[in-house]
> 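Handing you this structure, nothing more for now.
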Amino acid sequence: MKITFPHMGNMDIVIKALLGELGHEVITPPPITKRTLSLGVQYSPEFACLPLKVNIGNFIEAVEKGADTVIMAGGIGPCRFGYYNQVQREILQDMGVNLNMVVLEPPDQHIGELLKRLRIITGSNSWWKLIKAIRFAYEKCLAIDALEKEASRLRCRELQRGDVDRVYQKGQKAIDQAKTVKEVRRCKEEYIKAFNSLTLDWQKKVIKIGLVGEIYTLLEPTASGYMEKHLGYLGAEVDRSLYLSEWVNEHLFKGLLPVKGHQETRKLAKPYLSCIVGGHGQESIGGAIEYAKKGFDGVIQVGPLTCMPEIVAQSIMPLVEKEYGLPVLTIYTDEQTGEAGLITRLEAFIDMLERKKIALGQLP
Amino acid sequence: MDKAQEGLYLGVDVGSVSTNLVLIDGEGQVQEALYLRTQGRPLETVLRGLQSLARSYSNEQINGVGTTGSARSLAAVVVGADVIKNEITAHAVAASNLVPGVRTILEIGGQDSKLILVKDGIVTDFSMNTVCAAGTGSFLDQQASRLQIPIEEFGQLAVKASHPVRIAGRCSVFAESDMIHKQQMGHSLEDIISGLCEALVRNFLNNLGKGKKIDSPIVFQGGVAANIGMCQAFEKALGHPVEVPQHHKVMGAVGAAILASEAVAQRGGVSNFKGFTVAEQPFGARSFECADCPNLCEIIELQEAERVLSRWGDRCGKWTNALPSEVNNPAITAEMEATTP
């Protein structure tokens with residue numbers, strides 16, 4: 001069995017760790033490129049959102065490398081993503097691609113359900129071994145999230161363009177290659193230190209931007225047109241409302257671990273959006289409020305074009321903007337999104353926040 | 001060199017349809033404005049504009065240069081810009097300078113439209129068309145030529161309408177089908193054109209104005225603001241008078257010039273301006289596809305007399321970084337890096 005999976009940010013490192021520990025041969029799909037997207041777009045329904053298309057591209061390219069089994073996430077609730085694995089299975093079948101699909105869905109009640117589904121992948125491994133593998137993978141997840149967070153925070157302060165990303169890329173590689181939990185933890189500390197020993201401009205008064213929105217476009221840089229990097233280069237300190245480790249803990253482990261969740265975020269959204277609308281609609285509203293309370297200068301909401309939960313959130317956002325005095329920019333991306341247009345909007349948004357601060361005397 | 005005034009700032013706005021060059025004085029007043037059609041040749045058009053300015057002005061009169069518009073990076077390399085800014089900021093800066101107290105800016109250009117909300121001279125909110133270009137200048141251009149009416153007279157006809165017909169304006173292709181249908185039904189041309197203007201305004205406000213409070217004074221700028229039919233349709237839909245500034249066609253360039261004056265002042269009066277003689281240099285731009293990875297980035301290379309001036313478009317930075325560092329103008333390098341992930 002040669003197992004592959006779709007890309008989503010740094011998830012490949014985590015899944016590779018999990019499956020590798022269980023003794024599987026893992027085929028990581030090639031990095032997402034224009035070719036991946038073209039393949040995905042060619043075989044996907046046009047009105048599906050970007051994640052489905054990129055996933056299909058990943059699957060095709062992974063099969064080219066010899067994969068025969070794919071792990072795909074499912075979902076419950078109003079977001080269409082929950083149904084994508086079924087659609088993708090049909091698309092692959094129609095294409096004549098032989099790929100066995102294992103769907104992981106959030107357990108309804110108990111983590112045991114997830115473990116049961118995982119049984120297909122765990123094979124003859126003992127429960128103990130499985131738990132150990134999950135722990136190892138999760139440790140990598142925590143470490144890589146910590147590095148990514150630090151990179152987004154510091155990018156705007158680098159004096160030599162690219163310094164932060166060079167450290168970040170080295171860190172990614174080191175964590176990917178780490179063999180034990182201890183080693184992963186050491187890597188994390190080492191690279192956090194490496195970030196802070198860079199020559200950075202700590203005097204610089206920066207604009208603070210919070211990112212909220214749909215998980216795939218938040219986590220996968222190619223899906224958001226490398227938004228975090230662009231914002232950093234435009235002089236903004238970026239914080240993201242969602243990381244993989246948080247999502248895994250909340251949805252797969254049912255909040256078993258003491259990692260920051262989004263219960264508070266959803267509570268903040270309640271006065272504006274009291275019910276679940278699927279995806280991260282509620283979290284987008286609540287996240288924006290959290291950032292306003294923390295004194296951020298602005299919030300950018302990202303989502304794939306036609307994303308229903310984010311459209312619902314977007315229509316409520318003006319009220320949040322008004323009540324909290326928080327500027328929000330909404331950006332949807334799909335395969336048609338031009339990078340020039342994206343940068344124009346990001347630059348204009350940063351300019352707007354900067355000029356406002358200068359007028360208020362908070363910036364020179 | 002008959003126009004002897006010192007301390008001018010040059011603003012260059014290279015857009016999809018028009019390329020505008022303006023000169024402003026230290027007070028922000030427009031001294032000279034050129035409106036040229038880009039015709040798909042941004043580089044040549046900028047050079048043509050510089051040549052025509054060189055006839056009346058000398059290098060010493062220019063204290064600074066700013067570029068804006070979709071080809072701002074390209075233009076910046078050619079002229080040696082002090083500041084490179086996006087169109088939204090440039091338009092807002094220009095409007096706040098020329099129309100003090102402005103609260104809302106409607107801007108419709110060749111292929112994009114913007115709605116900018118301003119308070120006390122500061123942008124508070126903006127939106128720009130994302131997935132659809134229906135209702136922008138290019139579409140009006142196309143319709144005018146289909147009806148064989150000069151674009152300048154298009155608006156005049158709209159004003160003469162007695163009963164504007166309702167045109168489906170969501171998509172420009174369907175808008176055209178609907179216009180043909182209405183013509184075949186026997187509606188007058190005036191009514192159809194007026195109906196088209198109303199449909200485009202409806203589309204603009206639906207696309208960009210959702211959830212935004214539009215306060216007066218309202219300024220309408222960009223090439224399409226010359227169309228009196230569109231102005232009237234905006235006034236009707238918004239219920240407020242809409243002001244069209246004298247230099248509405250070149251406001252982006254005015255903004256770039258004002259921003260250049262700010263940038264030069266901050267830097268202590270030093271400008272990167274290369275002088276009007278650049279127009280005589282043999283500039284050449286070429287593009288090629290890098291085949292080193294499946295991203296197949298399109299690399300654009302700008303040359304001046306066989307010497308590579310600048311490159312951009314690569315995701316990994318391989319081509320950009322391969323340049324000797326002395327060719328890089330700091331303002332441009334910063335912009336290029338911002339645009340190259």
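In what follows, chains carry the letters A, B, and so on, assigned in the order in which the sequence lines appear, proteins first and then strands, with residues in each chain numbered from 1. No hydrogens, no waters, no symmetry mates; every other heavy atom, side chains included, goes into these values.
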> Over all heavy atoms of both residues, which pair between A:Ala348 and B:Thr89 is shortest? Give the atoms and the distance, please.
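Heavy atoms of A:Ala348 and B:Thr89 come nearest at CA-OG1, 3.9 Å.
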> Would a 4.5 Å heavy-atom cut-off, applied to side chains only, mark A:Met352 and B:Thr124 as touching?
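A:Met352 vs B:Thr124: side chains apart.
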> Could you look at A:Leu346 and say if it's the side chain, the backbone, both or neither that has a heavy atom under 4.5 Å from chain B?
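For A:Leu346, neither part sits under 4.5 Å from chain B.
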> Is any side-chain heavy atom of A:Asp351 closer than 4.5 Å to one of B:Val123?
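No; the side chains remain at least 4.5 Å from each other.
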> Hey, does A:Phe349 have a side-chain heavy atom less than 4.5 Å from the side chain of B:Ile88?
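Side-chain contact under 4.5 Å: no.
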> Nearest 0.5 Å please: distance from the OG1 atom of A:Thr33 over to the CG atom of B:Leu296.
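Taking OG1 in A:Thr33 and CG in B:Leu296, the distance rounds to 7.5 Å.
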> Of the backbone (N, CA, C, O) and the side chain (C-beta and beyond), which part of B:Leu117 lies under 4.5 Å from a heavy atom of chain A, both, or neither?
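Neither; nothing under 4.5 Å.
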> If every non-hydrogen atom of B:Ile84 is compared with every non-hydrogen atom of A:Glu347, which pair is closest and at what distance?
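Scanning both residues, the minimum pair turns out to be O-OE2, 4.0 Å.
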> Would you give the length of the straight line joining atom CG of B:Asp125 to atom CD of A:Glu321, rounded to the nearest 0.5 angstrom?
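One gets 5.5 Å once the value is rounded to the nearest 0.5 Å.
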> Between SG of B:Cys293 and CZ of A:Arg35, what distance do you get to the nearest 0.5 Å?
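Nearest 0.5 Å value for the SG-CZ distance: 12.0 Å.
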> Would you say that B:Lys85 contacts A:Thr344 through its side chain, given a criterion of any heavy-atom pair below 4.5 Å between the two side chains?
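Answer no - side chains too far apart.
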> Less than 4.5 Å to any heavy atom of chain A: does that hold for the side chain of B:Val118, its backbone, both, or neither?
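Neither part.
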